[in-house]
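Heads up, the thing below is written out as structure tokens.
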Amino acid sequence: MAAVSLWALVLLVLLPGLILQSGGARLSVALAVQGVVVAHTGVALVRVLTATTVRLVALGFWLFAYIWLGLAPLAQLAADAYPWTYWTGEGTALTAVAVVELGLLAHSAGTAVAARREGTRAAGSAARPPGPVERLLSRRLAPWRLLSLCGLALVLAVLLVPGQPGGLSAYFTSRQALREAGADDGSGDAFLSALRSWCLSVPAFWALLALLHVPRAPGGDRLLRVARRLLLPLLLVLNAVVNNPVSKPRFWVGTVVLTLLFAMPRLCRPRAFRVIAATLMTTVLLAFPYSDYFRYSDREQFSVVSLSEQFTTNGDYDAFQQVQTGIDLARDQGFSPLDVLGPVLFAVPRSLWPDKPGDTGIALAQYAGYDFVNLSAPLWIESYLWAGPPAVALVFFLLGAVGRRMDDVHHRLRDRAGTLAALLVPALAFYQMIFLRGSLLGIVGPLALLVTVPLLITTPTARAPRLVPSARPTAPTRPAQLPATGGPS
């Protein structure tokens, strides 16, 4: 109870009060309704931080919603100031707040429905067969496949890193330098440059993560133990090169670090979870705005400003302004239901599909008349541009239901080593923040890699009766062995 009161005081009173006091509130209807959004996201975040079970997917969602669509818009509406120059009227601002809250309500409804279904299943007297999400997340690491991935990651590094213009040093300069080096390699294709970058980063990340957590049978699997000792130092060095905060986006580096942390069973217990979550929130609020220091080659002088000023001047917090821009765009040009096919069929080249939908962030930037187009497009406005409020409600209802289901399965399988749930759920929980910030067309490629690679290095488990959550978990099954040691493949 004390923890609930403390978190409620901080999230619902101190932080909003600090923003309103430092910014000099300009009263408006939109600002008053935004207070409802702050209360909604704050209460949901308090529940996640004080729950008796670890809910990683819920943490990722509500942390993003509270900061980027709760506190940041509160500061922007109070000061009537935004990071970019495009300006909207009071009516558009109020509509934007309503669209955001609609998504949050739909997400909460989806979570509640999934939780109720889980409670109904748990209360059943007979054991039920696992559902599709549980069957998927119950997959176990296959050692031979994992070693193949490790070999592939190292081969890709040997082939691609030296061939990168600027060589190894380009990964320790800036993201801008790395992009420019890729543009100067003669290909002239930004897509191929990005594909090369992510084909280095994602396999290296999964190889390291899976190698750290592959189950080891006592007294056996000598070849696996030897390979693990040899490969771990190489993969640590490789990840320090291709997944470092200098040359990779901050959200991705955060996903890598947090997944490595929360994949550890000891750190995925309620007490440790609360400590790490509190540290994460403090870091995101205080350090995140300054973590783009290495983004550009010409670095600006480092200066510390207030939280309210960060929210109103830093382009990292343009999510709410982009929602407003998208609402004006929809009013002028109408909805585009077929644009939903763009992220789904992202791999189809434009040479085969000339009318393929473009990046929503770019479309919003062009509509606003900006010279720069590398802007976000939050999922709220992406879905709104497809079909208006009904699309927003449907997308976020499904997102809430699936997220709660993943958290429940992750909790149920927490004592089973080497399962896909222990590795993929933390990764998706924090990559979700990139997914929510958008735009979808820019992040769906790395997302596909993030999901596909672990599926290829795991194998399904034998079907068994579904465990009742309240029952004491059974001992972990014997892990898979390498074919060379006589174990099953």
When the aromatic ring centroids of His107 and Phe397 are compared, is their separation below 6.0 Å? no

Taking the six-membered ring for Trp and the full ring for Phe, Tyr or His, determine whether the centres of Trp68 and Phe251 are under 6.0 Å apart. yes

Starting at [atom1] of [X], measure out to [atom2] of [Y] and round the result to the nearest 0.5 Å.
X	Y	atom1	atom2	answer
Thr111	Arg116	OG1	CZ	13.0 Å
Leu14	Gln21	CG	CD	12.0 Å
Leu285	Leu71	CG	CG	6.5 Å
Tyr384	Leu329	OH	CG	10.5 Å

So do Arg414 and Arg269 actually touch side chain to side chain, heavy atoms under 4.5 Å? yes

Going by heavy atoms in the side chains, are Trp386 and Ser383 under 4.5 Å from each other? yes

Is it true that a side-chain atom of [X] and a backbone atom of [Y] form a donor plus acceptor pair closer than 3.5 Å?
X	Y	result
Glu382	Leu440	yes
Thr41	Val37	yes
Tyr86	Leu364	no
Gln34	Gln76	no
Asp328	Thr325	no
Thr312	Ala81	no
Asp339	Pro357	no
Tyr66	Ala39	no
Asn243	Val253	no
Arg139	Thr419	no

Minimum heavy-atom separation for [X] to [Y], with atom names?
X	Y	result
Gly361	Ala377	N-CB, 3.7 Å
Ala263	Leu423	CB-CD2, 4.1 Å
Cys268	His410	SG-CE1, 3.4 Å
Ile443	Tyr431	O-OH, 2.9 Å
Ala75	Ser308	CB-OG, 4.0 Å
Met406	Val57	CB-CG2, 4.3 Å

Go through it in stages, so that I can follow the logic: the residues are Leu280 and Leu63, the test is side chain to side chain contact (heavy atoms under 4.5 Å, CB included), and I'd like the CA-CA distance, side-chain angles, deciding distance and then a yes or no. CA-CA 9 Å; Leu280 171 63; Leu63 180 62; 3.7 Å; yes

Angle class for the Phe205/Trp252 ring planes (parallel below 30°, perpendicular above 60°, tilted otherwise)? perpendicular

Is the ring pair Phe64/Trp380 parallel, tilted or perpendicular, if the boundaries are 30 and 60 degrees? parallel

Hey, are Gln324 and Thr88 close enough side-chain-wise for a donor-acceptor pair under 3.5 Å? yes

Is the closest side-chain donor-acceptor distance between Gln310 and Asn314 under 3.5 Å? yes

Assess whether a salt bridge exists between Arg404 and Asp407, defined as any Lys/Arg side-chain N lying under 4.0 Å from an Asp/Glu carboxylate O. no

Are Asp316 and Arg250 ion-paired here, with the side-chain N under 4.0 Å from a carboxylate O? yes

For the side-chain contact (heavy atoms from CB on, under 4.5 Å) test, which of Leu59, Leu12, Thr50 pairs with Leu45? Leu59

Check each of Leu456, Leu455, Leu449 against Thr452 using the side-chain contact (heavy atoms from CB on, under 4.5 Å) test, and report the only one that passes. Leu456

Surrounding CZ of Arg331 (heavy atoms of other residues, nucleotides or ligands, distance under 6.0 Å), is the total greater than 12? yes

Can you list the steps and then say if Ile67 with Phe311 is a side chain to side chain contact (heavy atoms under 4.5 Å, CB included)? CA-CA 9 Å; Ile67 294 177; Phe311 286 151; 4.3 Å; yes

Residues Gln322, Ser376; criterion side chain to side chain donor-acceptor pair (under 3.5 Å); working and verdict: CA-CA 7 Å; Gln322 289 292 86; Ser376 67; 4.8 Å; no

Determine, step by step, whether Val43 and Trp62 satisfy the side chain to side chain contact (heavy atoms under 4.5 Å, CB included) criterion, reporting the C-alpha distance in whole Å, the side-chain angles of both residues, the deciding distance to 0.1 Å, and the verdict. CA-CA 9 Å; Val43 169; Trp62 290 112; over 6 Å; no

What do the steps show when you test Asn374 against Ile362 for side chain to side chain contact (heavy atoms under 4.5 Å, CB included), and what is the final call? CA-CA 7 Å; Asn374 184 24; Ile362 295 177; over 6 Å; no

